[in-house]
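Inspection log for the structure reproduced underneath, given as structure tokens.
Here the structure is a predicted model, which is why all the values come from computation and not from measurement. In the text below, chain A, chain B and the rest are named by the order of the sequence lines, each starting its count at 1.
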Protein chains: 2
Amino acid sequence: MVTTSATSSDLYRTDCAARQILDRVGDRWTVLIIGVLSDGSARFSQLRRRIEGISQKMLTQTLRGLERDGLVHRTVFPEVPVRVEYELTQMGRTLEEPLRALQRWALENEDRIEEAHATYDHRAQ
Amino acid sequence: MVTTSATSSDLYRTDCAARQILDRVGDRWTVLIIGVLSDGSARFSQLRRRIEGISQKMLTQTLRGLERDGLVHRTVFPEVPVRVEYELTQMGRTLEEPLRALQRWALENEDRIEEAHATYDHRAQ
DNA sequence: CGGAATCCAACAGGATACTG
DNA sequence: CAGTATCCTGTTGGATTCCG
């Protein structure tokens, strides 16, 4: 493999790996799951309860993806019934800050965006 | 609890406005379009050429959304043929930094994630 | 409890053709 | 040039059922 380090302009190419990562990381559920796991490890059912509206399928699927990306660690406790804990890996924790910044932006600009919507929708009837 | 200002925990509720914003803002094309417009205003065709793989439909659609959100400004120059310029609004520019942080993270962790994939896929066969 | 597997509806999004 | 409109397909993701 030719390891030229990726530059920021590579992002605009379809085959750019960073772009695929951005797709996954900017994903709706990913952001929320990492948000919950920022508070510490959690069980499957805890995640499911804390993230309103997520289906069992999407939770499983997203967690598998995050595990494969090396962002989340999964531990199975072979009790009866089985207990499974999820927690952020070290790399996962480095993602907390950028995502939190995005959440902060969303919360801070919520009102201004709603205003913009009102203006736009009014102008267009 | 009846509070007007959104707190970070509200994000986990389906009806949270910030969550919907996050959905849009974390969107694949949104990130890339804002990335291009960070370098300055651009015409429709320029955006289309710089973002590999985007269809005309998705470009139009995403730009309309961004305009409605008040993040991008659209100027029509009534020449022949018509020229349309897009540029970030002031609010749009406040989004640059959080998104750039995310892009930086993706670029910095690209290799580590690929390693994680290899490990994961090998373990699972 | 923590999933996997299947089925199916809804929607995203590409291709194409046409327009001011 | 910068779109709009239509059609049509692939994927997403919910609901349901079953399992270790």
message: Check the phosphate of C:dG2 against A:Thr60, side-chain N and O only, distance under 4.0 Å to OP1 or OP2. Yes or no?
response: no
task: Show your reasoning for whether side-chain hydrogen bond (donor to acceptor under 3.5 Å, both in side chains) applies to A:Gln56 and A:Thr60.
output: CA-CA 6 Å; A:Gln56 174 265 322; A:Thr60 303; 3.1 Å; yes
query: Can you tell me how far P of C:dA12 sits from CG of B:Leu59, to the nearest Å?
result: 17 Å
- request: Summarise protein proximity over nucleotides 9-20 of chain D in one line of letters, 5' to 3': B for base, S for sugar-phosphate only, - for none, counting protein heavy atoms closer than 4.0 Å.
  value: ----BBB-----
query: Salt bridge check: are B:Asp39 and B:Arg50 linked by an N-O gap of less than 4.0 Å?
result: yes
task: Look at all strands and tell whether B:Arg74 reaches a base, only sugar-phosphate, or nothing, counting heavy atoms closer than 4.0 Å.
output: sugar-phosphate
- request: Mind checking the CG-CG spacing from A:Leu63 to A:Leu37? Nearest 0.5 Å is all I need.
  value: 7.5 Å
Carboxylate-amine/guanidinium proximity below 4.0 Å for B:Arg100 and B:Glu97: yes
query: Can you get from B:Phe77 to B:Phe44 by hopping between Ile, Leu, Val, Met, Phe, Trp and Tyr side chains that sit under 4.5 Å apart?
result: no
field: Candidate nucleotides D:dC1, D:dG3, C:dG3, ranked by approach to the side chain of A:Arg64 - the nearest
entry: C:dG3
- request: Could you tell me whether the side chains of A:Glu85 and A:Thr75 share a donor-acceptor contact shorter than 3.5 Å?
  value: no
message: Would you say A:Arg43 places a side-chain N or O within less than 4.0 Å of OP1 or OP2 belonging to C:dG2?
response: yes
- prompt: Base, sugar-phosphate alone, or nothing: which one does B:Tyr86 contact when heavy atoms must sit under 4.0 Å apart?
  reply: sugar-phosphate
